[in-house]
Amino acid sequence: MERKGSIVSRANSIGSTSASSVPNTDDEDSDDRPDTIKNDFKDRRRRAHTQAEQKRRDAIKKGYDDLQSIVPTCQQQDPGLGSQKLSKAVVLQKTIDYIQFLHKEKKKQEDDVSTLRKEVMALQIMKSNYEQIVKAHQNNLHEGTDQIPDDMKFSVFQGVMDSLFQTFNASVSVSNFQELSACVFAWIEEHCKPQTLQDMVIRVLHQLKNPLF
């Protein structure tokens, strides 16, 4: 009996020692859990930041690619660069230059439109004046039934040519051929304008009309 009690006592002692030597895993898991959550949060935030940065870089790259495809001067490769890709600074500078060019072209087109509007207005005035001449001529036809001589056409032409020659003789110099050419073009621009010729013809017609009527 004593031996049996000794064996039981020894077994209990070994069991107690073994139980005390087993680590408490529940307590250790509880201690490590905050660090794990913290690390997971950092990883998620790092991944989100990396994705946002990559998206920003992709948007910038797409913007530069769009500029290169839209701006004509970016498509014209400089001989000195060879097959080298244009840098972002070059793309931006070419874009600025092209925008400035478009502004100048827009200003030029606006000036051209303004000039054309003035020309249209001048043509409308000329049309109105010619209509008045035709109306005055038609009224003159009804003022009398006298027959106009056949040489009246030549008289009108001669009167116009005489007036033109007077201005030509007074304006054109014949010192040398170069000066003659310059003076002739200046004379045409000054004295052969539609309004000037119209006034001249009206004046000749009035001069020829007085002896007839």
Side-chain angles (χ1 to χ4, degrees), residues 17-132 171 177-199:
T17 303
S18 298
S20 63
S21 63
V22 175
N24 190 349
T25 57
D26 292 339
D27 292 341
E28 291 180 358
D29 291 343
S30 176
D31 293 339
D32 293 340
R33 191 171 301 165
D35 292 338
T36 303
I37 295 174
K38 193 174 187 181
N39 291 333
D40 289 343
F41 175 75
K42 288 182 178 180
D43 290 339
R44 287 196 302 270
R45 187 171 63 179
R46 188 181 300 108
R47 286 195 299 269
H49 176 73
T50 302
Q51 292 174 357
E53 180 65 19
Q54 185 62 43
K55 186 180 294 185
R56 185 184 71 85
R57 292 180 180 180
D58 292 342
I60 294 175
K61 182 179 181 300
K62 183 179 182 302
Y64 279 102
D65 292 341
D66 291 342
L67 285 178
Q68 285 188 266
S69 63
I70 293 173
V71 178
T73 52
C74 289
Q75 302 172 9
Q76 301 171 357
Q77 190 72 15
D78 295 335
L81 295 177
S83 60
Q84 183 180 355
K85 186 177 180 181
L86 294 179
S87 66
K88 294 180 180 179
V90 173
V91 171
L92 288 178
Q93 186 59 52
K94 286 180 176 289
T95 303
I96 293 172
D97 294 341
Y98 185 64
I99 291 174
Q100 292 175 346
F101 167 76
L102 291 179
H103 278 301
K104 292 180 181 178
E105 285 296 307
K106 179 175 179 292
K107 179 66 169 58
K108 182 177 178 298
Q109 291 178 357
E110 290 175 350
D111 294 340
D112 292 341
V113 169
S114 178
T115 301
L116 290 174
R117 285 176 179 172
K118 292 178 181 178
E119 291 179 358
V120 169
M121 186 178 298
L123 291 173
Q124 290 175 344
I125 294 173
M126 290 175 60
K127 176 177 177 291
S128 177
N129 291 336
Y130 285 133
E131 290 175 348
Q132 293 177 5
S171 303
F177 184 79
Q178 183 176 0
E179 186 175 353
L180 172 64
S181 300
C183 291
V184 167
F185 286 113
W187 171 79
I188 290 174
E189 293 178 357
E190 179 66 24
H191 297 281
C192 295
K193 296 178 182 177
Q195 184 64 43
T196 303
L197 294 175
Q198 175 185 325
D199 295 340

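For reference, positions follow the sequence shown, starting with 1. Because the structure is predicted, anything quoted here is derived from the model rather than measured. Only heavy atoms go into these numbers, but all of them, side chains included; no hydrogens, no water, no symmetry mates.
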Taking side-chain contact (heavy atoms from CB on, under 4.5 Å) as the criterion, tell me which of Lys108, Glu110, Lys104 meets it with Lys106. Glu110
Thr73 side, atom OG1; Gln93 side, atom CD - distance, nearest 0.5 Å: 10.0 Å
Identified side chain to side chain donor-acceptor pair (under 3.5 Å) partner of Glu53 from the options His49, Arg57, Gln51: Arg57
Ion pair present between Asp66 and Lys62, side-chain N to carboxylate O less than 4.0 angstrom? yes
From Lys118 atom NZ to Leu123 atom CG, the distance as rounded to the nearest 0.5 Å: 14.5 Å
From Thr115 OG1 over to Arg117 CZ, what is the distance, rounded to the nearest 0.5 angstrom? 11.0 Å
Less than 4.5 Å apart, side chain to side chain, heavy atoms only: is that true for Ile188 and Lys193? no
Candidate pair Leu86 and Cys74, rule side-chain contact (heavy atoms from CB on, under 4.5 Å), full reasoning: CA-CA 8 Å; Leu86 294 179; Cys74 289; 4.3 Å; yes
Do you know which of Asp97, Ile96, Thr95 makes side-chain contact (heavy atoms from CB on, under 4.5 Å) with Ile99? Thr95
Under the side-chain contact (heavy atoms from CB on, under 4.5 Å) rule, what do Tyr64 and Leu92 come out as? Steps first, then yes or no, please. CA-CA 8 Å; Tyr64 279 102; Leu92 288 178; 3.6 Å; yes
Please find the pair of heavy atoms, one from Thr196 and one from His191, that lie closest to each other, and give the distance. CG2-O, 3.5 Å
The test is side-chain contact (heavy atoms from CB on, under 4.5 Å); show your working for Leu116 and Glu119 and say whether it passes. CA-CA 5 Å; Leu116 290 174; Glu119 291 179 358; 3.8 Å; yes
How long is the gap from CD on Gln54 to NZ on Lys61, to the nearest 0.5 Å? 10.5 Å
Distance from Lys107 atom NZ to Asp112 atom CG, nearest 0.5 Å? 10.0 Å
With a 4.0 Å cut-off on N to O distance, would you call Asp43 and Arg46 a salt bridge? yes
Closest approach of Gln68 to Lys85 (non-hydrogen atoms, all atoms of both residues): OE1-CE, 4.2 Å
Pairwise distance CD(Gln75) to NZ(Lys94) - rounded to 0.5 angstrom: 11.0 Å
